[in-house]
Amino acid sequence: MDRVRTTEPLTPLAYRPKDAATMLGLSRSTIYQLIADGHLPARKVGATTVIRHSDLEALLDAAPFSVATEAARQAGGGGAK
């Protein structure tokens, strides 16, 4: 009998700036500006610039909430942490 493996897709360890931009819905130039401003750490592996998945998560975690989300939170609507 053949075994069927069910595994969850692997999360990449790092992304190229173009892929990071796609993941966040931002432009590639915005990603490079975040790197230049020191808001998003990037590393060089050979000639390739890469951004760790965890650094993208940290960027999102540090971003302010939208006005609507903040208003809902203050009104006791719960929502995001």
Side-chain angles (χ1 to χ4, degrees):
M1 291 190 130
D2 291 332
R3 289 186 175 186
V4 177
R5 291 186 184 201
T6 56
T7 59
E8 294 184 28
L10 296 175
T11 300
L13 292 175
Y15 302 92
R16 292 179 178 179
K18 175 185 170 190
D19 299 321
T22 299
M23 296 289 293
L24 296 179
L26 301 172
S27 69
R28 195 175 61 165
S29 61
T30 298
I31 293 293
Y32 279 110
Q33 190 62 53
L34 288 166
I35 293 168
D37 292 344
H39 299 296
L40 182 61
R43 292 158 173 82
K44 286 296 238 183
V45 178
T48 304
T49 300
V50 294
I51 302 159
R52 291 174 41 153
H53 179 86
S54 60
D55 290 329
L56 290 176
E57 289 182 320
L59 177 74
L60 288 177
D61 289 342
F65 288 108
S66 69
V67 172
T69 299
E70 192 59 46
R73 291 179 69 206
Q74 290 179 3
K81 294 180 183 178

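Residue indices begin at 1 and follow the sequence shown.
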* All side-chain hydrogen bond (donor to acceptor under 3.5 Å, both in side chains) counterparts of Asp37, not counting sequence neighbours -> Gln33
* Asked: Residues in side-chain hydrogen bond (donor to acceptor under 3.5 Å, both in side chains) with Arg28, at least two apart?
  -> none
* Nearest-0.5 Å distance that lies between atom CG in Leu40 and atom CD1 in Ile51 -> 4.5 Å
* Please report the closest heavy-atom contact between Pro17 and Thr49, naming both atoms and the distance. => CD-O, 3.3 Å
* Partners passing side chain to side chain contact (heavy atoms under 4.5 Å, CB included) against Ser54 (at least two apart in sequence or in another chain) -> Arg52
* Contact list for residues 13-47, test ring pair (Phe, Tyr, Trp, His ring centres under 6.0 Å), sequence neighbours left out -> Tyr15-His53
* Asked: Sequence neighbours excluded, which residues qualify as side-chain hydrogen bond (donor to acceptor under 3.5 Å, both in side chains) partners of Thr22?
  -> none
* Within a strict 4.5 Å, meaning less than it, do heavy atoms of the Arg43 and Asp55 side chains meet? -> yes
* Asked: In terms of heavy-atom contacts, does CG of Leu60 have more than 12 from other residues, nucleotides or ligands at under 6.0 Å?
  -> yes
* Structure fact -> Residues at least two apart in sequence or cross-chain that pass side-chain hydrogen bond (donor to acceptor under 3.5 Å, both in side chains) with Glu8, listed by chain then number, are none
* Structure fact -> Quick note, salt bridge (charged side-chain N to carboxylate O under 4.0 Å, His left out) partners involving residues 57-70, not counting sequence neighbours, are Glu70-Arg73
* For Ala14, side chain to side chain contact (heavy atoms under 4.5 Å, CB included) partners two or more places apart -> Val50
* Asked: Side-chain contact, heavy-atom cut-off 4.5 Å: Leu59 with Leu24?
  -> yes
* To do: Not counting sequence neighbours, list each pair that qualifies as a salt bridge (charged side-chain N to carboxylate O under 4.0 Å, His left out) and has a residue in residues 9-21.
  => none
